[in-house]
S.K.: 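Here it is, the structure, as structure tokens.
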Amino acid sequence: MAEALATFLFVFIIIAAVNNVGDLTPLVIGFALMTLVFATGHLSGAHLNPAVSLGIFLRGALSVGTSKDHLNNSFYGLAIGTTVFIGAATVGGISGGGFNPAVAFGLAISGQFAWANLWLYVLAPLVGAAIGAIAFRMLNRHDLTKATGDN
């Protein structure tokens with residue numbers, strides 16, 4: 001429930017920001033994501049992105065969305081929100097900033113993205129998530145044991 005509500009709110013905020021905020025849109029999007037990650041991270045892992053959920057599933061840690069190497073940290077919301085802000089500010093004008101399939105779908109519904117191009121905004125993040133999950137697993141072989149609790 002937390003994932004669904006937070007993802008809905010994130011998509012809603014992005015559509016509103018794109019239509020109303022102007023030059024501050026990337027900042028609004030980054031802060032919104034940061035806030036939603038802090039609000040729901042302890043409940044659901046705060047993926048808020050089907051591509052992130054896929055990557056974490058492929059990593060073998062869907063029920064634990066973050067690395068166990070950083071227990072009891074409080075920086076994930078800030079790190080994730082800032083990353084999205086940087087992406088939106090630097091390449092949003094080129095790509096439309098559709099880094100999240102759920103967001104891309106919402107932007108297509110609102111008329112911001114062409115339906116004919118939606119496949120790219122879904123496929124590219126999913127492929128990127130799969131590549132990221134494979135790279136993470138290769139570079140952090142010990143993490144799967146920590147994520148699943150197996151010894």
S.K.: Transitively linked via ILVMFWY side-chain contacts under 4.5 Å: Val11 with Met1?
M.R.: no

S.K.: Could you tell me which residues satisfy ring pair (Phe, Tyr, Trp, His ring centres under 6.0 Å) with Phe99, sequence neighbours excluded, listed by chain and number?
M.R.: none

S.K.: Residues two or more places apart in sequence or in another chain: which of them pass side-chain contact (heavy atoms from CB on, under 4.5 Å) with Ile86?
M.R.: Thr82, Thr90

S.K.: May I ask whether Val122 and Ile109 are part of the same hydrophobic cluster, defined by side-chain heavy atoms of I, L, V, M, F, W, Y residues being less than 4.5 angstrom apart, directly or through others?
M.R.: yes

S.K.: Verify the cluster assignment for Leu139 and Ile134: are they in a single hydrophobic cluster under the rule of side-chain heavy atoms below 4.5 Å apart?
M.R.: no

S.K.: Under 4.5 Å between side-chain heavy atoms, chaining through other members, with only Ile, Leu, Val, Met, Phe, Trp and Tyr counted: pull out the rest of the cluster around Ile131, sorted by chain and number.
M.R.: Trp119, Leu120, Leu123, Val127

S.K.: Tell me which pairs pass ring-ring contact (aromatic ring centres under 6.0 Å, His included) where either residue lies in residues 5-26, with sequence neighbours left out.
M.R.: none

S.K.: Can you list the residues that meet the side-chain hydrogen bond (donor to acceptor under 3.5 Å, both in side chains) rule with Asn19, with sequence neighbours excluded?
M.R.: Gln112

S.K.: Report, one line per pair, each donor and acceptor closer than 3.5 Å where one atom sits in a side chain of residues 23-35; sequence neighbours left out.
M.R.:
from	atom 1	to	atom 2	distance (Å)
Thr25	OG1	Ala17	O	3.1
Thr25	OG1	Gly22	N	3.4
Thr25	OG1	Gly22	O	2.8
Thr35	OG1	Phe31	O	2.8

S.K.: Between CG of Leu107 and CG of Leu118, what distance do you get to the nearest 0.5 Å?
M.R.: 9.5 Å

S.K.: Quick one: pull up CG in Leu48 and OG1 in Thr7 and give me the separation to the nearest 0.5 Å.
M.R.: 4.5 Å

S.K.: With Ala2, which residues qualify under side-chain contact (heavy atoms from CB on, under 4.5 Å), at least two apart?
M.R.: Thr40, Leu43, Ser44

S.K.: Identify the heavy atoms of Pro101 and Pro125 that sit nearest to each other, and give their distance.
M.R.: CD-CB, 3.9 Å

S.K.: Quick check for you: to the nearest 0.5 Å, what is the distance between Leu36 atom CG and Ile80 atom CD1?
M.R.: 11.0 Å

S.K.: Using ring pair (Phe, Tyr, Trp, His ring centres under 6.0 Å) as the criterion, list what pairs up with Tyr121, not counting sequence neighbours.
M.R.: Phe113

S.K.: Which pairs, with at least one residue in residues 96-107 and sequence neighbours excluded, count as a side-chain hydrogen bond (donor to acceptor under 3.5 Å, both in side chains)?
M.R.: none

